[in-house]
Amino acid sequence: MATPVMSNSRMSSAMERTGQWVFSQEIPTDVVVEAGEANFNLHKFMLVAKSNYIRKLILETKEADLTRINLSDIPGGPEIFEKAAKFCYGVNFEITVHNVAALRCAAEYLQMTDNYCDSNLAGRTEDFLSQVALHSLSGAVVVLKSCEDLLPMAEELKIVQRCIDIASARACSVANFPCRTPPNWWTEELSILDVDLFGRIIAAMKQRGAKALTLASALITYAERWLRDLVRDHSGNGIKCSEPTDSDLRIQQRELLESMVALFPAEKAAFPMHFLCCLLRCAIFLKASSACKNELEKRIAVILEHVAVNDLLVLSFTYDGERLLDLDSVRRIISGFVEKEKSMAVFNGGNFREVTSSAMQRVAKTVDAYLGEIATVDELTIAKFNGIAILVPKGARKVEDDLYRAIDIYLKAHPNLDEIEREKVCSSMDPLKLSYEARVHASQNKRLPVQIVLHALYYDQLKLRSGAVDDRERNAADAVATRNQLQADVSLVKENEALRSELKKMKMYISDLQKNNQGTCSKSAAGNRKPTFFSSMSKTLGKLNPFRHGSKDTSNIDDSLGVDVTKPRRRRFSIS
């Protein structure tokens, strides 16, 4: 049992006050009572008259004359024993909400009950509890706070449970029917308690049917009191947390945070967005359990349509704003929201592949703006950037100007990317969904890869050819048709380039052959002439010529004459 230790000044003051009323009896003291670090010179007969415990000690001792009694483990310590001793001497003292629980426990410890003596200390403290202390929320909370150092005796005497019942009932009443300003004053009252006792009051309020917003208000106030340096900083540019995460303070804060999250009401949308984001960053920093972080992520995902860019930035940076945190939580939150929207679309008979609700469009705009804010961070990789950008369904972005702005910022902040890497950055963007102003900017943007610039220019050319009046307005069917035509044209251009390359190779091959033929002809000019291609062809054609042996027109010869038209025998003509 914890016993508060008094300072030397307070102890000497207590001893001085004790001496004033003890030595005024003009009877020498006969016993010394040790209570913690203090010693009290008292009279046995005065103590025995009220305390059955001290009477038993004196009767059961084996010493001939008991002169010293050790009561170091008395509830409340020396200060409470001093008041109990005053009660034995009939000296008046004040019972308050701060000491009534300790006095009740001390009376039980010393057996100063009405069964031993009428109107004893136990009866006096019980009357004060029921008639004064537990008649208001503030009194019940103060008494409950004092019980933290009196466990388990205060629990056994039902003081704790009585305080919880009164505090929970009064809290529900003032929350539903405010009678003071500010309306949530009662949450400040509850926030002084230990997390275990606070949790028991929240559980009792749930059983009494308290609203989720009422419970959330109490939990927010409690978090801002006990996690002040971690929760109240919403900017991401605050204190430098020099305290290591494995220190006693951080371990205590982690346990408190996990206990608080376990007390959350079932309604997911009970807490404001910025508070949940701050708690999640706190959980990440303190290395809280996975169950704690998952619960916070789910609650944020449910109300993500109300998120602001600053809320997402809170999750992304350390408390000093100098380092980027792991973005896995942000990805899981966005994925959870998209899955929820898809489920709602399917339930409503829609198409889950194209999520285009107004909530999804707001989230898409916020995510694009968020990407623009974190794009300047050097440690943000292309995979992480695209990993967040592609989480938003294509149909949620009617115009992708915000995403183009984020990509442009990323390319400007990372100038050393090569052409392939820049194409990867731009892969999450559809150039056909850019507005006219964005396409004009993209066509002149030297940071963009050539393919994206050509897409922007080509689309404008198609719009001009089709006689479009307003380039800013187009429907999904036109965009799909244009994209298909563009893909076909790009494929055709690639084929033409391949053919042009093959033709160039053929020309080079022929020129090499011609050069080789010219060299061969020049070498064979001095020797025998070899038959060329044309000479061979002329000989072959000559063999096929029907008139090479003279003309024999037999069209006017009568078949009945029996003229011999057989092939004439070759003769050799010579000149001798």
Side-chain angles (χ1 to χ4, degrees), residues 95-101 104 125-148 150 154-155 157-228 231-232 234 256-257 259-279 295-296 299-300 302-303 306:
I95 299 178
T96 66
V97 292
H98 295 88
N99 64 21
V100 64
R104 177 66 185 89
T125 54
E126 281 292 341
D127 292 341
F128 185 87
L129 279 171
S130 58
Q131 297 176 11
V132 180
L134 301 183
H135 262 218
S136 64
L137 173 64
S138 301
V141 170
V142 172
V143 174
L144 188 58
K145 177 66 177 177
S146 67
C147 290
E148 294 176 0
L150 302 173
E155 193 76 63
L157 295 174
K158 307 297 182 183
I159 301 175
V160 173
Q161 190 59 48
R162 290 162 64 187
C163 292
I164 290 173
D165 293 339
I166 295 297
S168 60
R170 295 290 188 273
C172 291
S173 177
V174 297
N176 294 330
F177 307 100
C179 57
R180 283 171 54 181
T181 55
N184 62 339
W185 63 271
W186 60 273
T187 62
E188 294 287 347
E189 300 283 346
L190 297 181
S191 65
I192 68 173
L193 296 172
D194 179 79
V195 65
D196 294 331
L197 296 177
F198 175 78
R200 291 175 65 176
I201 291 182
I202 295 297
M205 293 178 67
K206 288 180 181 179
Q207 292 179 353
R208 293 178 181 273
K211 298 178 181 178
L213 292 178
T214 300
L215 301 176
S217 178
L219 287 164
I220 291 172
T221 304
Y222 193 85
E224 290 179 346
R225 181 185 183 95
W226 294 99
L227 300 174
R228 183 185 301 270
V231 173
R232 285 196 172 182
H234 298 166
L256 187 145
L257 175 63
S259 300
M260 281 185 51
V261 173
L263 295 173
F264 279 9
E267 185 177 343
K268 299 294 185 182
F271 294 92
M273 174 63 72
H274 73 275
F275 174 73
L276 292 175
C277 290
C278 289
L279 271 192
E295 177 65 22
L296 292 171
R299 289 179 178 270
I300 295 174
V302 168
I303 58 173
H306 304 295

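At distances below 3.5 Å, not a single donor-acceptor pair connects side-chain atoms of Glu295 with backbone N or O atoms of Val261. Judged by distance alone, with hydrogens and angles left aside, the side-chain atoms of Lys206 form no donor-acceptor pair with the main-chain N or O of Leu215 at under 3.5 Å. At distances below 3.5 Å, at least one donor-acceptor pair connects side-chain atoms of Ser146 with backbone N or O atoms of Val143.
The line from NE2 of His274 to CD1 of Ile300 is 12.0 Å long, rounded to the nearest 0.5 Å. With values rounded to the nearest 0.5 angstrom, Met260 atom CE is found 9.5 Å from Ile202 atom CD1. Note that CG of Leu137 and CH2 of Trp186 are 9.0 Å apart. Values are rounded to the nearest 0.5 Å. The CG atom of Leu219 sits 11.5 Å away from atom OG of Ser191, with the distance rounded to the nearest 0.5 Å. In this structure, CH2 in Trp226 is found 9.0 Å from CG in Leu193, a value given to the nearest 0.5 Å. Taking CG of Asn99 as the reference point, atom CZ of Arg104 lies at 14.0 Å (rounded to 0.5 Å).
Heavy atoms only, all atoms of each residue included: Val100 and Thr125 are closest at CG2-O, 3.7 Å. Taking each heavy atom of Cys172 and Ala210 in turn, the nearest pair found is SG-CB, 4.0 Å. Across every non-hydrogen atom of Asp127 and Ser130, the tightest pair is O-OG, 3.3 Å.
Inter-residue side-chain proximity for Ile192 and Phe198 is flagged as unmet; no heavy-atom pair is nearer than 4.5 Å. Counting only heavy atoms from C-beta outward, the side chains of Ile303 and Leu276 approach each other to under 4.5 Å.
Using a 4.0 Å cut-off between a side-chain N of Lys or Arg and a carboxylate O of Asp or Glu, Glu267 and Arg299 do not qualify as a salt bridge.
Below 30°, between 30° and 60°, or above 60°: for Phe271 and Phe275 the angle between ring planes is below 30°, a parallel geometry.
Crowding of Lys145 atom NZ: a count of heavy atoms from other residues, nucleotides or ligands under 6.0 Å exceeding 12.
A donor and an acceptor atom, one from each side chain of Glu188 and Asn184, are nowhere located under 3.5 Å apart.
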